[in-house]
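Written out below as structure tokens is the structure these notes cover.
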Amino acid sequence: MPLSSYVATDDLTVLLGLSAAALFLLQNLYKPQPLVHPILLGRQSDVAPVRNPGESAVYRNYSTSAMGRLPLRPAAGVQTIIDLVRADIDSPRTLWSTKITNAQLLARVKAFASGLDNLSKFQAGESKVLFLLNDCLEFLIADIAFAAKSITTMTISSPELLAEVLDNYSPSAIITDSDFLSHIIEQVYDLNQHTHTTVIVVGDPGSVGVQLAKEMSLLKFTDVEKEGANNPTNLSPPTDVNHAFTIAFSKSPDGAGVQAVQFTQQNLTAGVASTRSLLPVSSPLTPLDTVVSSFSLSTPYGRTIAYTAVYEGTSFATLNSTRIFSGDGEVQLDAPGALKDINSSSAFPIPSPTILFVKPEHVISLTSSILNAARSGSWLSGWGWRHKTAHATEGFITKESLWDRLVFDAARVKVLGEGAGTLRALIATGGYTPADTLTPTRVVFSIPYVNAVSSDVVFGPIFASYPHDLQIHPSSEAGGAFENIAHVGAPTVSMEVKLVGVDDVTIEEGKDPAGEVYVRGPPAGTLLGSTNNPINGEHWLRTGYRGKAQPNGCFKVAPLKK
């Protein structure tokens, strides 16, 4: 019997069938395509074919490959720190509270350097200057000027390190804020170094400061700059890119002492090149951007971010939490404090931020606040959340969807103000991001989100996730060191990484290697003192992290067990 004898059809059946077919086609046609093809995310590191016993193989970013040269600078003509102030960018931008062009910035650098020649007796290659400055334009001016004169600068990441640094390294000069002046002078007198130490003060030292410094050489920053502008001298920047221009002091990885890391100007230019690569090639930094950072210039990573902004000609400012030299001590961030800290950038006359370099606690606080604002502001928030989460699972995210206009745009404005419309990239560093916060952050911001890792032994980042990588990696074993820790991507373009103290049997069985993270590369400095021990005759630096390499070349990073 014919099939029509068993299947009864009518016009309604045909209409419903056509409708179902149309809906199926529409779903596939309008299904968002991933921003990056999954195949490209399946191999993000290039892994060396051999390894030493007790160590993993050496990992590189896949874009540089095993045979490629690691970037040393952001452009061919950038050799030293002063080259980062580009002459081809002539438009003004705002650095903290000062609107300034590159030509004006260089003029102030040369004036300050000339003033140093006229008012002090610094000796190139021998004098050392300790920076005890909160983030400001004067920090950059002095830093570039001293580097151009081959005078080594020193920074400390915490006031707790001050006494030990003063006692062991005896700087020729100290440059500090007026608020911190009294404390500095007391420390110098206690160590009996007042007869050979020059103090340069940013701000008004006041009568108390002048009285305390009656046996010392006390100079005002503005007086030095004014003297140099009136009586200029020649400025001949060093051509040796391997000149050790700065020493960064921080706590050692085990927390037992002070770690001193010496950096060259090439380390800095390589760090800037690495930091620029954090953003997608399709949307790099431009002079139209505004960069806001939560990392102090007294740390290598914070300094790299600042010079990246200088190189790109963007506006730049730092948050209140970067202030470490004051009577109140370091700023502690809880969730409400993190949100307040983000909004502290509004105190500067800068355009609305477009790129945020912040810590995980900032990101978590912002995400939670925007989600709460969305739930309370629209009854459609549940539907919006489900649709955007589904799109993120497919590897696609955008701020231009219907659900953004109906739900999330207003919530972002409520939390971020004007910055909600301008923010286009978010880079989180300086902590351990929980894996279960990745999707909420991607949904509420819907912009490139980079999870990175930095260290006090490196200019710039060590690891960084790809901006458009929206994968959710499986959680590690329950109770393990990497449980609910988000991946931090592959090594950045200028770094080589390996894990030390791995289990050889585990690796031979094909399992993921885990061990202590060691690094090397152009942005990595040189450890001073007895801790500078090579591994198998090679110069590798200890970071103080424990890492686990995953099959696709991404890493998870956790603190070392103590």
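Since the structure is predicted, the reported quantities are computational estimates derived from the model, not experimental observations.
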field: Check against side chain to side chain contact (heavy atoms under 4.5 Å, CB included), Val363 and Thr433
entry: CA-CA 9 Å; Val363 177; Thr433 301; over 6 Å; no

Kindly indicate whether the side chain of [X], heavy atoms from C-beta on, has any atom under 4.5 Å from the side chain of [Y].
{"X": "Lys251", "Y": "Ser157", "answer": "no"}
{"X": "Leu162", "Y": "Leu132", "answer": "yes"}
{"X": "Arg442", "Y": "Thr437", "answer": "no"}
{"X": "Phe348", "Y": "Thr94", "answer": "no"}
{"X": "Ile305", "Y": "Ser293", "answer": "yes"}
{"X": "Glu138", "Y": "Arg108", "answer": "yes"}
{"X": "Val292", "Y": "Thr318", "answer": "no"}
{"X": "Phe131", "Y": "Leu297", "answer": "no"}

Would [X] and [Y] pass as an ion pair if we require N to O under 4.0 Å?
{"X": "Glu516", "Y": "Arg546", "answer": "no"}
{"X": "Arg405", "Y": "Glu400", "answer": "no"}
{"X": "Asp143", "Y": "Arg303", "answer": "yes"}

message: Using side-chain hydrogen bond (donor to acceptor under 3.5 Å, both in side chains), reason through Thr275 and Thr304 one step at a time and then give a plain yes or no.
response: CA-CA 7 Å; Thr275 304; Thr304 312; 5.2 Å; no

From CA spacing to verdict: side-chain hydrogen bond (donor to acceptor under 3.5 Å, both in side chains), Thr153, Thr246: CA-CA 5 Å; Thr153 59; Thr246 192; 3.0 Å; yes

query: Does a donor on one side chain sit under 3.5 Å from an acceptor on the other, for Thr290 and Thr354?
result: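 No, because no side-chain N or O of Thr290 sits under 3.5 Å from a partner of the opposite role on Thr354.
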
query: How about Asn134 and Asp177: does a side-chain donor come under 3.5 Å of a side-chain acceptor?
result: yes

query: Do the rings of Tyr545 and Tyr432 sit parallel, tilted or perpendicular, given the 30° and 60° boundaries?
result: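 Perpendicular, since the angle between the ring planes exceeds 60°.
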
message: I need the single residue from Thr98, Asn102, Thr101, Asp289 that forms a side chain to side chain donor-acceptor pair (under 3.5 Å) with Arg93. Which is it?
response: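 Answer after filtering Thr98, Asn102, Thr101, Asp289: Asn102.
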
- request: I would like to know whether Asp469 and Gln471 meet side-chain hydrogen bond (donor to acceptor under 3.5 Å, both in side chains); could you show each step before the answer?
  value: CA-CA 6 Å; Asp469 183 357; Gln471 298 177 103; 3.0 Å; yes

Within this structure, what is the [atom1]-[atom2] distance for the pair [X] and [Y], rounded to the nearest 0.5 Å?
{"X": "Ser401", "Y": "Leu406", "atom1": "OG", "atom2": "CG", "result": "8.5 Å"}
{"X": "Ile350", "Y": "Leu95", "atom1": "CD1", "atom2": "CG", "result": "10.0 Å"}
{"X": "His362", "Y": "Lys340", "atom1": "NE2", "atom2": "NZ", "result": "12.5 Å"}
{"X": "Asp204", "Y": "Thr222", "atom1": "CG", "atom2": "OG1", "result": "9.0 Å"}
{"X": "Glu312", "Y": "Ile89", "atom1": "CD", "atom2": "CD1", "result": "6.5 Å"}
{"X": "Thr176", "Y": "Leu130", "atom1": "OG1", "atom2": "CG", "result": "8.5 Å"}

message: Show, in sequence, the C-alpha distance, side-chain angles and deciding distance for Ile175 and Leu133, and conclude whether the side chain to side chain contact (heavy atoms under 4.5 Å, CB included) test is met.
response: CA-CA 7 Å; Ile175 180 168; Leu133 274 176; 3.9 Å; yes

field: Non-neighbouring partners of Ile447 that pass side-chain contact (heavy atoms from CB on, under 4.5 Å), sequence neighbours left out
entry: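 If we apply the side-chain contact (heavy atoms from CB on, under 4.5 Å) test to Ile447, skipping adjacent residues, the hits are Lys399, Leu423, Leu426, Phe445.
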
task: Say whether, by atom type as modelled, one donor and one acceptor occur between the side chain of Asn484 and the main chain of Asp436 under 3.5 angstrom.
output: yes

- request: Step by step, work out the salt bridge (Lys or Arg N to Asp or Glu O under 4.0 Å) result for Asp404 and Arg412.
  value: CA-CA 10 Å; Asp404 286 283; Arg412 295 184 194 117; 2.5 Å; yes

task: Enumerate the residue pairs fulfilling ring pair (Phe, Tyr, Trp, His ring centres under 6.0 Å) with a member in residues 299-321, sequence neighbours excluded, ordered by first and then second residue.
output: Trp96-Phe316, Phe295-Tyr301

statement: Taking every heavy atom of Ser446 against every heavy atom of Ile397, the minimum-distance pair comes out as CA-CG1, 3.6 Å

Taking every non-hydrogen atom, the tightest pair across Phe263 and Val261: CZ-CG1, 3.5 Å

- request: For Thr492 and Ser274, run side-chain hydrogen bond (donor to acceptor under 3.5 Å, both in side chains): C-alpha distance rounded to whole Å, both residues' side-chain angles, the deciding distance at 0.1 Å, then the answer.
  value: CA-CA 6 Å; Thr492 52; Ser274 183; 3.2 Å; yes

- prompt: Which is it for Val272 and Val310 under the side chain to side chain contact (heavy atoms under 4.5 Å, CB included) test, yes or no, and what are the steps along the way?
  reply: CA-CA 10 Å; Val272 170; Val310 168; over 6 Å; no

field: Worked check of side chain to side chain contact (heavy atoms under 4.5 Å, CB included) between Tyr59 and Ser45
entry: CA-CA 6 Å; Tyr59 288 76; Ser45 290; 3.8 Å; yes

Solution key, residues 454-467 side-chain donor-acceptor pairs under 3.5 Å, sequence neighbours excluded:
{"residue": "Ser455", "atom": "OG", "partner": "Val457", "partner atom": "N", "Å": "3.3"}
{"residue": "Asp456", "atom": "OD2", "partner": "Ser250", "partner atom": "OG", "Å": "3.4"}
{"residue": "Ser465", "atom": "OG", "partner": "Asn451", "partner atom": "N", "Å": "2.8"}

